[in-house]
**Student:** 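Take a look at this one; I'll ask things after.
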Protein chains: 2
Amino acid sequence: MTSPDKSNNQKGTRKAPLSRELVLSTALALVDGKGLDALTMRRLGQELQRDPMSLYRYAANRAALLDGVTEVVMNELAILPEDLDWQVQLRKIAHDFRLLALQHPNVLPLLVTRPLSTPLGLRPLGTLRPLEHILALLIDAGFAPADALHVYRVYYGFLYGHILNELQEYIVDPDENEAILRLGLHRLPAKEFPHLRALGPALADYDGAAELDQGLTILLTGLAAQLAASDSPPVPQP
Amino acid sequence: MTSPDKSNNQKGTRKAPLSRELVLSTALALVDGKGLDALTMRRLGQELQRDPMSLYRYAANRAALLDGVTEVVMNELAILPEDLDWQVQLRKIAHDFRLLALQHPNVLPLLVTRPLSTPLGLRPLGTLRPLEHILALLIDAGFAPADALHVYRVYYGFLYGHILNELQEYIVDPDENEAILRLGLHRLPAKEFPHLRALGPALADYDGAAELDQGLTILLTGLAAQLAASDSPPVPQP
DNA sequence: ACCTGAACACCGTTCAAGT
DNA sequence: ACCTGAACACCGTTCAAGT
């Protein structure tokens with residue numbers, strides 16, 4: 001646990017020159033590997049073989065460090081070619097984002113939580129890029145800017161919610177998953193939780209990609225219906 | 001800040017008998033009033049005028065304490081009379097939940113984050129009750145149990161997502177809100193964020209209840225369309 | 001058997017002292 | 001001017017000592 005040797009780090013180099021990128025990517029690796037709690041200034045310094053205080057040159061705060069990690073993760077979202085149908089694009093972005101979340105499950109709390117303590121205008125640019133991108137996509141598709149904002153909110157709200165849902169039901173390793181689930185459901189009082197208990201098998205196998213896609217279909221269908229009923233139908237490709 | 005007087009607590013009683021309820025509700029008050037970071041074992045003990053160690057009789061862990069707080073909040077969700085139309089019920093629950101979140105904004109990260117580290121079957125009963133309740137509601141309305149689960153996931157996913165969205169854009173006090181927003185947006189590079197910058201005014205006034213309701217309409221419309229297209233249409237009231 | 005609190009192994013951050 | 005690390009004010013949790 002608290003072995004004092006220093007040779008067992010990821011980087012073989014003894015003293016690589018520090019940079020914001022290196023600090024943040026090392027921080028991300030730490031979170032991915034050992035969980036959010038493992039990301040402390042002191043431990044990160046140890047991982048980089050540097051005095052923990054030197055990190056304050058690259059992040060003013062622990063909070064700033066966390067923001068930096070979310071930014072790094074968000075930057076992993078590939079930007080798409082712009083020429084596809086907007087509904088196709090929204091689907092692709094959603095699936096990309098889902099995969100990103102599955103690759104960094106330990107970062108999800110950060111993704112979801114950090115913006116709660118930072119006004120929209122003051123967030124790291126990297127986290128605002130997807131928002132701008134989707135707005136552009138919708139406006140290009142013919143939506144009025146204000147409408148695009150509403151569509152974005154429904155879409156992004158649903159997307160975040162789905163991913164939270166999926167990771168809440170998954171997270172543990174799949175082998176144990178079913179057993180723990182059965183054990184856990186068994187614990188529930190039968191009178192108070194009849195339906196939940198009965199859903200054991202259905203809960204055990206969760207096809208996240210399919211579920212996301214169905215949800216998107218529901219959303220896009222409803223959206224189309226609302227647009228058709230509205231005064232100024234802004235649908236582009238008829 | 002660190003004044004050593006002990007008389008300035010909420011409860012005038014010098015040494016109220018401890019109980020799980022008192023511990024958790026004091027913890028909730030602490031989070032509501034001073035934020036999540038203020039909820040520490042030591043500070044909670046001081047608030048209750050007790051040795052911090054004595055709290056371990058009521059929560060095995062700090063994690064268990066956090067779970068307890070989420071449970072207390074979830075229990076504030078009123079259970080509804082069962083005889084309404086299911087769509088009406090889903091709308092009502094959504095708005096109730098939204099109001100609950102607005103009353104306890106500091107608890108939202110807990111609501112969203114705690115389940116990520118606890119398998120579904122092992123969560124506090126209080127947090128599972130809404131799930132059971134909605135399943136019952138949908139099954140009573142004529143959905144097959146497995147379908148009810150899917151509907152629940154879309155619905156709850158969207159609901160959580162909306163609330164996160166809304167609190168991410170709100171949170172700061174409304175007076176400063178617009179100014180900070182304008183200031184923040186001004187900071188964004190004009191070439192990279194043209195749409196976001198242009199949306200300043202639209203972003204500044206956010207009618208959360210209306211936005212939630214429109215989102216629900218989209219969702220329920222899409223859901224109805226999907227049900228109508230499926231093989232076994234389980235819609236109850238024709 | 002229960003409760004208390006000293007002690008341990010950590011934190012983030014400040015700031016004076018070194019270079 | 002920059003970097004370092006001692007020091008401060010906190011943490012959660014263990015566990016031996018008291019009752």
Side-chain angles (χ1 to χ4, degrees), chain A residues 1-6 8-9 13-20 22-24 26-31 33-70 106 109-110 113-114 117-118, chain B residues 1-6 8-9 13-20 22-24 26-31 33-70 106 109-110 113-114 117-118:
Chain A
M1 291 298 176
T2 49
S3 65
D5 74 55
K6 308 181 177 185
N8 196 8
N9 283 349
T13 64
R14 270 307 162 99
K15 276 227 166 192
L18 231 48
S19 71
R20 185 173 155 83
L22 181 59
V23 168
L24 292 182
T26 307
L28 174 57
L30 203 50
V31 174
K34 318 259 177 167
L36 255 184
D37 291 342
L39 178 53
T40 66
M41 305 301 272
R42 291 167 125 103
R43 173 129 192 207
L44 181 56
Q46 165 182 314
E47 208 79 13
L48 290 160
Q49 292 178 308
R50 281 302 192 313
D51 188 300
M53 291 311 108
S54 65
L55 301 177
Y56 283 84
R57 288 197 58 77
Y58 305 95
N61 257 343
R62 181 163 192 267
L65 189 65
L66 298 179
D67 281 337
V69 170
T70 71
N106 293 340
L110 245 41
T113 274
R114 289 303 308 156
S117 34
T118 323
Chain B
M1 290 298 176
T2 48
S3 65
D5 75 53
K6 310 180 176 184
N8 197 7
N9 283 348
T13 63
R14 271 306 162 96
K15 277 226 166 193
L18 232 47
S19 71
R20 183 174 156 84
L22 181 60
V23 168
L24 292 183
T26 307
L28 174 57
L30 203 51
V31 174
K34 317 259 177 166
L36 255 184
D37 291 343
L39 178 53
T40 66
M41 303 303 270
R42 291 165 124 105
R43 173 129 192 207
L44 182 56
Q46 165 182 313
E47 208 81 12
L48 289 161
Q49 292 177 308
R50 281 304 191 312
D51 188 299
M53 292 310 109
S54 65
L55 301 177
Y56 284 84
R57 287 198 58 78
Y58 305 95
N61 257 342
R62 181 161 192 268
L65 188 64
L66 298 179
D67 281 338
V69 171
T70 72
N106 293 339
L110 246 41
T113 274
R114 288 303 308 157
S117 36
T118 323

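A note on names: the letters A, B, ... follow the listed sequences, proteins ahead of strands, and every chain is numbered from 1. Note that this is a predicted model, so its numbers are computed, not measured.
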**Student:** CG of Asp51(B) to CZ of Arg42(B): how many Å apart, nearest 0.5 Å?
**Tutor:**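 Atom-to-atom, Asp51(B):CG and Arg42(B):CZ are 9.5 Å apart.
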
**Student:** Please tell me if Arg57(B) has a side-chain N or O lying less than 4.0 Å from either OP1 or OP2 of dC2(C).
**Tutor:** no

**Student:** From Glu47(B) CD over to Lys34(B) NZ, what is the distance, rounded to the nearest 0.5 angstrom?
**Tutor:** 7.0 Å

**Student:** To the nearest 0.5 Å, how far apart are CG in Leu48(B) and CG in Leu55(B)?
**Tutor:** 6.5 Å

**Student:** Roughly how far, to the nearest 0.5 Å, is the CG atom of Leu65(B) from the CE atom of Met41(B)?
**Tutor:**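 Answer for the CE-CG pair, Met41(B) versus Leu65(B), is 5.5 Å.
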
**Student:** What distance separates Leu24(A) CG from Leu66(A) CG, expressed to the nearest 0.5 Å?
**Tutor:**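 The CG atom of Leu24(A) sits 10.5 Å away from the CG atom of Leu66(A).
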
**Student:** How many angstroms lie between OG1 in Thr26(A) and CZ in Arg43(A), if you round to the nearest 0.5 Å?
**Tutor:**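 Here the interatomic distance stands at 12.5 Å.
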
**Student:** Kindly give the heavy-atom pair with the smallest separation between Val69(B) and Ala27(B), and that separation in Å.
**Tutor:** CG2-CB, 3.8 Å

**Student:** Could you tell me how far apart Asp51(A) (CG) and dC2(D) (C1') are, to the nearest whole angstrom?
**Tutor:** 13 Å

**Student:** Do any N or O atoms of the protein come closer than 3.5 Å to N or O atoms of nucleotides 11-15 of chain D, and which pairs are they?
**Tutor:**
residue : atom : partner  : partner atom : Å
dG12(D) : OP1  : Met41(B) : N            : 3.0
dG12(D) : OP1  : Arg62(B) : NE           : 3.4
dG12(D) : OP2  : Met41(B) : N            : 3.1
dG12(D) : OP2  : Arg42(B) : N            : 3.4
dG12(D) : N7   : Arg42(B) : NH1          : 2.3
dG12(D) : O6   : Arg42(B) : NH1          : 3.0
dT13(D) : OP1  : Asn61(B) : OD1          : 3.2
dT13(D) : OP2  : Tyr56(B) : OH           : 3.1
dT13(D) : OP2  : Arg62(B) : N            : 3.0

**Student:** Which whole-number value in Å describes the distance from Arg50(A) CZ to dG5(D) C1'?
**Tutor:** 15 Å

**Student:** Could you give me the stems involving DNA chain D, meaning stretches of three or more consecutive Watson-Crick or G-U wobble pairs whose two defining distances are both below 3.5 Å?
**Tutor:**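 Detected stem regions: C:4-8 with D:12-16, C:12-16 with D:4-8.
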
**Student:** Hey, could you give me each pair passing side chain to side chain donor-acceptor pair (under 3.5 Å) that has a residue in residues 59-70 of chain A? Not counting sequence neighbours.
**Tutor:**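 Checked against side chain to side chain donor-acceptor pair (under 3.5 Å) - neighbours excluded - the pairs reaching residues 59-70 of chain A are Asp67(A)-Arg114(A).
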
